[in-house]
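Reviewing the structure listed below.
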Amino acid sequence: MVGNLLLRGMLAGVIAGILVFAFAHTFGEPLVDAAIAFEEASAQAAGEAAEPEIVSRATQAGPGLFIGVMAYSIAVGGLFSLAFAFVHGRLSSLSPRGTSVVIAVAAFVAIVLVPGIKYPANPPAVGNPDTIGVRTELFFLMIVVSLAALIAAVALSRRLSERFGLWNGAIIAGVAYLIFIGLVLYLLPPINEVPENFSALVLWRFRTTTLAMHAILWAALGLAFGALAERQFAVKGGQRGRPARAFR
């Protein structure tokens, strides 16, 4: 069963990857071009020599983007299916499709939305190359903390639901999650390396487009995998319910 779910998760990742690539290529790449043009203009004004183009922009925006998005989406789809296999039937009494959607929403909040509030995505030309290591570490630390806090909130909700009921337990655990995440957001150091003359419109559109790409990814994974998993469970249930054929 786990192997079948893994294959379906990777297939859902393929579907999600195609949708994300189409959106990123249409709406994201023009913003990257605008950011690169700003970077080149700033370097030229400072008298710096132009950096050699190792990979052409056409390759980056086409095959490079497609391969990167598909590899990431398929890998996330596989991990998504493993999370589903662990949760479904143990922590959730929902249908396969309902469980899939809940996992997708929770993952989007914990992996994308919460870290993005503290450390939003930046286009090229934004950020100091000397601080890229620190910025990367802080971003992944925020993801790990958010995921751990979400898992702890789910466990707390299950314990509280036995005493206060399902809805009250979920609300209390949700409030505890928000308070803890708010404290973490306050304590972690901020990063603001956006140049003063960088276009605020390009920055805003890039960040909202990046958020939309992740929303498409997790929405497609939740819906596509939910449908595939529900079909798999229906087939398995049908096979169990068939009467055995008599030997002749």
Side-chain angles (χ1 to χ4, degrees), residues 2 5-6 8-10 12-13 16-17 20 72-121 135-191 207-208 210-226 228-230:
V2 175
L5 291 176
L6 180 61
R8 281 161 174 76
M10 296 174 69
V20 172
Y72 178 79
S73 300
I74 293 172
V76 172
L79 294 175
F80 185 90
S81 66
L82 297 179
F84 174 90
F86 176 78
V87 170
H88 184 65
R90 293 185 178 92
L91 305 179
S92 171
S93 58
L94 297 173
S95 66
R97 185 169 298 188
T99 302
S100 178
V101 170
V102 169
I103 294 175
V105 172
F108 175 76
V109 172
I111 299 175
V112 179
L113 190 59
V114 170
I117 293 174
K118 183 65 179 182
Y119 303 116
R135 287 185 281 123
T136 302
E137 290 174 0
L138 289 173
F139 180 73
F140 280 104
L141 175 62
M142 190 70 238
I143 293 178
V144 171
V145 171
S146 180
L147 275 174
L150 179 64
I151 295 173
V154 172
L156 178 63
S157 174
R158 288 175 58 83
R159 294 190 62 179
L160 293 177
S161 63
E162 298 176 359
R163 180 176 179 181
F164 301 102
L166 181 61
W167 277 105
N168 291 332
I171 292 173
I172 296 172
V175 171
Y177 173 80
L178 292 176
I179 293 175
F180 176 77
I181 288 298
L183 182 62
V184 172
L185 293 176
Y186 175 77
L187 293 177
L188 286 179
I191 296 177
R207 288 177 173 176
T208 54
T210 302
L211 187 64
M213 288 168 53
H214 286 285
I216 292 171
L217 171 67
W218 289 106
L221 278 179
L223 296 174
F225 179 80
L228 294 172
E230 194 168 72

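Because the structure is predicted, anything quoted here is derived from the model rather than measured.
Residues satisfying the side-chain hydrogen bond (donor to acceptor under 3.5 Å, both in side chains) test with Ser146, not counting sequence neighbours, are Tyr177. With sequence neighbours excluded, the residues that form a side-chain contact (heavy atoms from CB on, under 4.5 Å) with Pro190 are Lys118. Qualifying salt bridge (charged side-chain N to carboxylate O under 4.0 Å, His left out) partners for Arg159, counting only residues two or more places apart in sequence or in other chains: none.
Rounding to the nearest 0.5 angstrom, the gap separating the CG atom in Leu138 from the OH atom in Tyr119 is 4.0 Å. Taken from OG in Ser161 to CD1 in Ile172, the straight-line distance is 10.0 Å, to the nearest 0.5 Å. Going from atom CG of Leu183 over to atom CG of Leu178 covers 12.5 Å, rounded to the nearest 0.5 Å. Residue Leu141 holds its CG atom at 12.0 Å from OG1 of Thr136, rounded to the nearest 0.5 Å. Note: Ser81 OG to Leu5 CG = 6.5 Å, rounded to the nearest 0.5 Å.
Between Asn168 and Arg163 there is no side-chain heavy-atom pair separated by less than 4.5 Å. Under the 4.5 Å side-chain criterion, counting only non-hydrogen atoms from C-beta, Val87 is not in contact with Val102. For the pair Phe139 and Ile191, the minimum side-chain heavy-atom distance is 4.5 Å or more. Two residues are said to be in side-chain contact when any heavy atoms from C-beta on lie closer than 4.5 Å; Ser95 and Glu230 meet this criterion. Leu217 is listed as a side-chain neighbour of Tyr72, based on a closest heavy-atom distance under 4.5 Å. The shortest side-chain heavy-atom distance between Phe180 and Val184 falls under the 4.5 Å cut-off. His214 has its side chain within reach of Thr210: a pair of non-hydrogen atoms, C-beta onward, lies under 4.5 Å apart.
Between Ala173 and Ala153, the shortest heavy-atom distance links the atoms CB-O, 3.3 Å. Residue Ala16 comes nearest to Ser73 through the heavy atom pair C-OG, 4.4 Å, listed as atom of the first residue, atom of the second, then distance. Closest approach of Ser157 to Ala170, counting heavy atoms only: OG-CA, 3.4 Å. Scanning all heavy atoms of the two residues, the minimum distance from Leu228 to Ala12 falls at CD1-N, 4.3 Å. Minimum interatomic distance between Pro120 and Arg207 (heavy atoms only, all atoms of both residues): CG-CZ, 3.5 Å. Nearest heavy-atom pair, Ser100 versus Gly222, reported as atom, atom and distance to 0.1 Å: OG-O, 2.7 Å.
The aromatic rings of Phe80 and Phe225 stand perpendicular to each other, their planes meeting at an angle above 60°, with 30° marking the opposite boundary.
Of the listed residues (Ile103, Leu211, Leu221), just one forms a side chain to side chain contact (heavy atoms under 4.5 Å, CB included) with Phe108, and that residue is Leu211.
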